[in-house]
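Taking it in order: structure first as structure tokens, then the write-up.
Computed over heavy atoms, backbone and side chain alike; hydrogens, waters and symmetry mates excluded. What you see is a predicted model; the values in this text were computed from it and never measured.
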Amino acid sequence: MRIAILGTRGIPARYGGFETFAEELATRLAARGHRVSVYCRDRSGDPEYRGVSLRYLPSIRHKYFDTLAHTFFSTFHLLGHRVDAALYCNGANAMFTVVPRLFGMPVALNVDGLERKRKKWNRLARGWYRLSEWLATFCPTTVVTDAKSIQDYYRERYGKPTVFIPYGAEAGKVAGTGTLGRLGLEAGRYFLYVSRLEPENNPLAVRQSFEKVRTDFRLALVGDAPYAAGYIRQVRDTRDTRIVMPGAIYGQGYHELESHCFAYIHATEVGGTHPALIEAMGRGALVLYLDTKENAEVAEGAGIPYTDDLSAKMEMALAMSESERNDYRRRAEQRVRERYSWDRVTDAYEQLLGRLVGP
């Protein structure tokens with residue numbers, strides 16, 4: 001099949017979950033013999049990446065227009081470069097999915113979570129996301145949800161059936177520790193937090209909770225965010241020398257940090273299945289997760305939930321026996337192997353896109 005992926009910042013992944021998703025899915029589909037193109041915002045200079053064609057289109061660098069502008073340009077470029085099926089990412093792009101359909105190209109839309117609940121959006125943006133939820137019920141050929149709770153939401157609120165395909169992750173630790181050394185961390189002696197540093201992901205609350213814990217372990221707060229400079233200054237405003245905040249880290253360095261942390265803290269309030277949570281579980285991390293419906297769907301029974309008691313749960317993890325901690329770690333890794341492997345995710349998308357294309 002000829003397949004296009006639109007709506008992300010592009011690949012190689014250098015931003016967030018949708019970009020990692022696009023890279024993992026596109027490269028696997030290409031390895032299976034499909035002709036895959038991914039639309040990108042940031043020009044790397046390379047026309048191809050691991051067998052995937054890269055299409056570079058402009059955008060408008062603005063908090064509220066970046067995604068929509070790039071998807072607009074990408075959609076109309078797609079009309080002149082037909083594919084058998086298109087996969088759009090991000091529910092905000094629902095409006096555009098009707099255009100290729102009018103020209104005979106079936107479209108799947110991965111809506112992610114309930115973006116309108118993110119604190120970073122103003123009233124107009126939240127209204128757009130709410131409108132886009134409704135548009136998603138009829139503009140694309142089919143809707144994909146990556147969490148059962150989001151699938152339930154679309155069914156209960158809109159009567160819209162969706163296809164559930166989870167996010168994926170690798171399983172097993174990586175051996176390298178070079179990144180730890182550069183950050184002044186020791187294997188097994190640091191808590192790890194990874195996310196975009198935005199209010200609904202609670203990095204400030206994580207930092208403040210850790211500051212109350214009496215330990216010589218460290219906290220690595222890893223991440224960054226465009227258009228959030230003021231909030232990030234608040235997150236960084238600490239005198240606790242145990243805390244290291246290196247910004248965003250991708251690739252091998254990110255995998256090393258997940259593989260060798262004492263525990264991983266997942267604090268997101270909004271969204272569907274969060275990539276960083278599954279990825280940390282896949283590396284066999286001891287997971288402390290904010291107890292939301294979406295997070296519990298992934299980690300319940302394989303991690304330690306918390307609500308407003310993160311400091312206490314950190315202290316509990318420190319006080320547990322190593323065998324108790326290892327039980328959680330084994331369950332987390334096994335959960336990913338059974339439910340969230342990238343090969344199984346690719347199988348599901350290949351079958352879905354194949355059904356859209358037809359015989």
Side-chain angles (χ1 to χ4, degrees), residues 9-24 26-28 42 44-46 49-50 167-197 201 203 206-207 210 213 215-226 232 235-236 238 240-268 274-289 303 314 317-318 322 325-326 328-330 332-333 336-337 340-342:
R9 279 175 163 76
I11 64 173
R14 291 289 184 272
Y15 182 70
F18 262 142
E19 288 68 34
T20 300
F21 163 74
E23 178 176 333
E24 296 288 351
T27 54
R28 281 173 168 77
D42 297 318
S44 69
D46 299 320
Y49 175 74
R50 294 173 58 190
Y167 194 85
E170 299 286 349
K173 297 184 183 297
V174 300
T177 58
T179 302
L180 277 63
R182 288 192 292 274
L183 297 180
L185 301 173
E186 296 179 47
R189 294 185 60 82
Y190 63 94
F191 290 87
L192 175 66
Y193 166 98
V194 180
S195 189
R196 289 200 296 272
L197 301 186
N201 296 334
V206 171
R207 190 210 82 198
F210 177 78
V213 178
T215 179
D216 59 356
F217 281 28
R218 305 195 71 183
L219 169 66
L221 277 169
V222 177
D224 206 339
I232 292 174
V235 176
R236 291 183 174 277
T238 181
D240 193 327
T241 58
R242 300 173 300 167
I243 300 173
V244 57
M245 289 179 265
I249 297 176
Y250 300 100
Q252 179 67 17
Y254 170 52
H255 302 320
E256 291 176 8
L257 289 170
E258 291 176 311
S259 296
H260 302 294
C261 65
F262 169 77
Y264 170 79
I265 301 170
H266 189 75
T268 59
H274 286 278
L277 174 57
I278 300 178
E279 289 161 352
M281 290 171 61
R283 300 297 177 192
L286 171 64
V287 170
L288 282 62
Y289 67 92
M314 290 185 197
L318 289 164
E322 189 63 14
R325 291 192 288 261
N326 284 336
Y328 277 109
R329 290 165 177 150
R330 281 192 291 269
E333 184 175 342
V336 170
R337 291 185 185 277
Y340 299 106
S341 80
W342 277 121

Between [X] (side chain only) and [Y] (backbone N and O only), is there a donor and an acceptor less than 3.5 Å apart?
| X | Y | value |
| --- | --- | --- |
| R218 | G184 | yes |
| N201 | R196 | yes |
| H274 | A267 | no |

Heavy-atom pair of closest approach, residues [X] and [Y]:
| X | Y | answer |
| --- | --- | --- |
| L288 | A317 | CD1-CB, 4.4 Å |
| Y264 | A285 | CB-CB, 4.1 Å |
| H260 | L180 | CB-CD2, 3.8 Å |
| I249 | G253 | CG2-C, 3.7 Å |
| L221 | P246 | O-CD, 3.4 Å |

### Query
Considering the options V174, V336, L192, which one meets the side-chain contact (heavy atoms from CB on, under 4.5 Å) requirement together with R283?
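The option that passes is V174.
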#### Entry: Stepwise ring-ring contact (aromatic ring centres under 6.0 Å, His included) test for Y340 and Y167
CA-CA 6 Å; Y340 299 106; Y167 194 85; 9.0 Å; no
### Query
Can you name the side chain to side chain contact (heavy atoms under 4.5 Å, CB included) partners of E186, sequence neighbours left out?
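Here the qualifying residues are R189.
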### Residue of the set R50, R28, R9 for which salt bridge (Lys or Arg N to Asp or Glu O under 4.0 Å) holds with E23
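The passing option is R50.
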### Message
The test is side chain to side chain contact (heavy atoms under 4.5 Å, CB included); show your working for E333 and K173 and say whether it passes.
### Response
CA-CA 10 Å; E333 184 175 342; K173 297 184 183 297; 5.6 Å; no
#### Entry: Residues in ring-ring contact (aromatic ring centres under 6.0 Å, His included) contact with Y328, at least two apart in sequence or another chain
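Y328 satisfies ring-ring contact (aromatic ring centres under 6.0 Å, His included) with no residue once adjacent residues are dropped.
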Can you check whether [X] reaches [Y] side chain to side chain, under 4.5 Å on heavy atoms?
| X | Y | value |
| --- | --- | --- |
| F210 | T215 | yes |
| L318 | V213 | yes |
| T20 | E279 | yes |

### Query
When the ring planes of W342 and F21 are compared, do they come out parallel, tilted or perpendicular, using 30° and 60° as the limits?
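W342 and F21: tilted rings.
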### Task
May I ask you to decide if the ring planes of F262 and F191 are parallel, tilted or perpendicular, using 30° and 60° as cut-offs?
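Ring orientation of F262 relative to F191: perpendicular.
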### Query
Would E322 and R329 satisfy salt bridge (charged side-chain N to carboxylate O under 4.0 Å, His left out), going step by step from the backbone distance to the final call?
CA-CA 10 Å; E322 189 63 14; R329 290 165 177 150; 2.9 Å; yes
